[in-house]
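A short worksheet on the structure shown next.
Remember, it's 1-based here, ligands and their atoms both numbered in the order they're listed.
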Amino acid sequence: MPASRRVLRVRGTVQGVGFRPFVYRTAVSLGVAGAVWNDPDGVVIDAEGDVDALDALARAVETSPPPSARVESVESAAAEPAGHQTFTIRESDGRGRTFPRVSPDLATCDACLRELRDPADRRHGHPFLNCTDCGPRYSIVRAVPYDRARTTMSSFTMCGACAAEYDDPADRRFHAQPNACPDCGPHLWLEPPAGEGDPVAQAARALRAGRVVAVKGLGGFQLCCDASLPEAVALLRERKRRPAKPLAVMFPDLASLEVEVVLPEGARGVLTSPRAPIVLLPRRPGSRLAPGVAPGRTELGAFLPYTPLHHLLLEAFGGPLVMTSGNLSDEPLAASNEEARERLGPLADHLLLHDRPIRTRVDDSVVRVADGRERLLRRARGYVPEVLDLGFEAPPLLAVGADLKNTFCLTAGQAAVPSQHVGDLAGWESRLLFEEVRARLEDVFGVRPRLVAHDMHPGYHGTAIARETGLPALAVQHHHAHVAACLVDNGRRDQVLGVAWDGTGYGPDGTVWGGEILAADLAGFRRLARLRPVRLPGGDAAVRQPWRMALSHLLAAGLPGDRVDVPGRETVEALVHKGLNAPRTSSAGRLFDAVSALAGVCPHASYEGQAAAELEAVSEAGAEPYALPLAEEGGLLEMDARPLIRAVVRDLDAGESPGRVGGRLHAGLASALARACRRAREETGLETVALTGGCFQNRLLLEETTRRLAGAGFEVLTHARVPPGDGGVSLGQAAIAGWRSRG
Ligand code: ZN
Ligand code: ZN
Ligand code: FE
């Protein structure tokens, strides 16, 4: 039978995931000749053989690629047979400027884990083993195409045994770029040492003695301590200057994790996936963990070891460890050994170091699992640099994102590339990280932005960054960006009712927004409704002092302010009355703060959103909703919280629990939203609602609102692939700016 020839072009996450070896093995088993290679667009397969075999090869590429690959498209073109006799893997060619894909970092696979634990294996106990299915990728890559010379492994020369694996197409380490073994790979040590022997055993000993150890992980350092020892947890919190924010806990295995938390449907798969994120899970009663791990919370951020080093450490220690970002609160992760000695030296008793450099810092990701689906709250390791499809062709641009929980976003063609979580742009260190990651992603994706998108807030750090680029700039309203992010997250572009509820965002009318309903698409928005504004006394000071919002809401509701018994109350009351340093705000987040403070749950906060999160944690589901009447005010629909505040005070005076009050608040807001959306539907004919903004990280609010909207016949869009909070804003800015300036 005469041979046919086809050239297949495969796009998606297909580099650094064992794709070429997979194609090689499949082709050889089918008797197909030709070649496979990486180019900046993905993978190209030049295949020659009989038609059935070529069909089978194309089918295998689409339907059974390696576990970590994501095939987005396969194009096929016929070609003149060239008389190939064998199948080969070609080295990457560095030409071309279009759109390469680098895989995110991948958690240790089962095959590598078996070797790690097998005393007869030459990699037994080797903290840096990996293969084509697992190991570091994005965090060590310096340039594309992805191969060893362009990673931080370039300084390690493979020994004969490793080189033989690397060159053998039948081996599962064939072209595994970070391939290493104890003879030729990176090595590990503890500073200062804690006794003799294996550094992992030394570290485990120090941890058992209640010490804090900084561990060089995949995308940066982590601080860890014994999660069961209250003194150790208190010490870590004090040194890290993180008094209350929950700490993540890494468990040795699923069985020990399930002792502490309940796994909803789908959670097991997320925990054990190659992405291995921190998953927020409902806690079981009777916890054996120190209470200081997640005070006031009914959820725990739990995850599993995702590098060989984590596996070895957790096994040697034999129990759960607090595993949190290696930084002072609000600063980015430390990544180099020098940086760790300098910045983490004062925080940790020991540093567990190695000599494989981290090229790009990338923090642990945080997700929830709802409706069997993972929902990102912090998008970083394991997810970045995967791209999202905009659904249209945008010019290359940079969207700088929001100032808090910053991410930024690049676009190239139809693709949006959201960066990993950067942090709060107010800090100098975060600004440096922003520039570092930006340079890396621009290199990896070959993007040179021609436009910059930023928030409308004139005082935002992001606005200054945008100005400094010297590029033509486009200002995007904060809540419009939230709604756009939700649209892209759901693969949509049509106009919707966007419920954008969060802490605060700059409103073009001189008030602080945060409780709006917009009619919006990528082209523009119109404000339809909001929470009735109250004063925001002291501006940002109100974020850490929820009692200020309690006072403001009491006064707005015509109640005496002396219920708030805090020093400085009179001064703040005067600010509210005079409207001095107290802009008007429709913020829903600040209403949660107010009720949390009134109910005595959290009058003083150490981080943004603490009061609302702690109120959510105690709130009862299915409570009788508080009333928020709707009124027309200057062409806007207003949801009036004054009767709600009066009812809260009545309930508290009657001895109702914070849990009941909180439950009624959540139900009341959900019910008000559903009614407001029905009114907006009558006016606009829009039947789809997008729920976005930091308030929709609140699961109770999300569930109550979704249920009521669905009951009223709405289609409801929620977030999954990017956070509903400010981490998603850059994607929304990119989509809006890209749409407005498209071809
Ligand atoms: Zn592996
Ligand atoms: Zn070796
Ligand atoms: Fe926001």
Side-chain angles (χ1 to χ4, degrees), residues 16-18 21 66-68 103 105-117 121-123 126 128-137 148 153 156-167 171-174 176-187 274 276 306-308 311 401-407 455-457 460 462 476-486 498-507 512-516 518 543 585-590 608-609 612 691-697 719 722-733:
V17 291
S68 300
S103 156
D105 300 301
L106 305 168
T108 309
C109 74
D110 290 343
C112 284
L113 208 47
R114 277 193 295 277
E115 291 178 355
L116 185 71
R117 291 171 177 155
D121 193 276
R122 71 187 190 92
R123 290 190 177 83
H126 181 53
F128 305 99
L129 92 170
N130 61 80
C131 72
T132 52
D133 286 338
C134 75
R137 297 288 188 274
R148 189 174 179 105
M153 283 299 288
F156 298 91
T157 307
M158 274 184 272
C159 68
C162 285
E165 293 165 340
Y166 184 89
D167 290 331
D171 195 277
R172 68 186 188 86
R173 293 198 167 87
F174 179 64
Q177 308 302 347
N179 189 21
C181 79
D183 292 336
C184 66
H187 80 287
Y306 56 84
T307 66
H311 281 286
D403 267 20
L404 294 175
K405 302 187 171 68
N406 175 267
T407 65
D455 197 277
M456 270 182 185
H457 197 309
Y460 252 26
V476 178
Q477 200 278 326
H478 186 89
H479 302 94
H480 185 206
H482 271 307
V483 178
C486 192
V499 176
W501 276 24
D502 65 359
T504 52
Y506 180 84
V512 178
W513 292 16
E516 331 298 308
L518 314 174
V543 168
T585 184
S586 50
S587 168
R590 297 289 93 85
E608 216 255 332
L691 299 179
T692 185
C695 288
F696 289 101
Q697 296 199 7
H719 280 274
V722 295
D726 281 4
V729 161
S730 65
L731 176 66
Q733 290 175 347

Q. Under 3.5 Å, side chain of R122 to main-chain N/O of P182, donor-acceptor pair present?
A. no
Q: Angle at the Zn ion (ligand 1): provide the value between SG of C134 and SG of C131, rounding to 10 degrees.
A: 120°
Q. If you stand at the Zn ion (ligand 2) and look out to SG of C162 and SG of C181, what angle do those two lines make, to 10°?
A. 100°
Q.
Any non-hydrogen side-chain atom of L129 less than 4.5 Å from a side-chain atom of R173?
A. yes
Q) To the nearest 10 degrees, how large is the angle at the Fe ion (ligand 3) between D502 OD2 and H482 NE2? A) 100°
Q.
Would you call the rings of Y460 and H457 parallel, tilted or perpendicular, taking 30° and 60° as the class edges?
A. parallel
Q.
Keeping S587 on the side-chain end and W513 on the backbone end, is there a donor-acceptor pair under 3.5 Å?
A. no
Q: With rounding to the nearest 0.5 Å, note down the distance linking CD in E165 to CE in M158.
A: 9.5 Å
(Q) Regarding H478, does it place an N, O or S atom less than 2.8 Å from the Fe ion (ligand 3)? (A) yes
**Q.** the Fe ion (ligand 3) - name of the N/O/S atom of D726 that sits closest to it
**A.** OD1
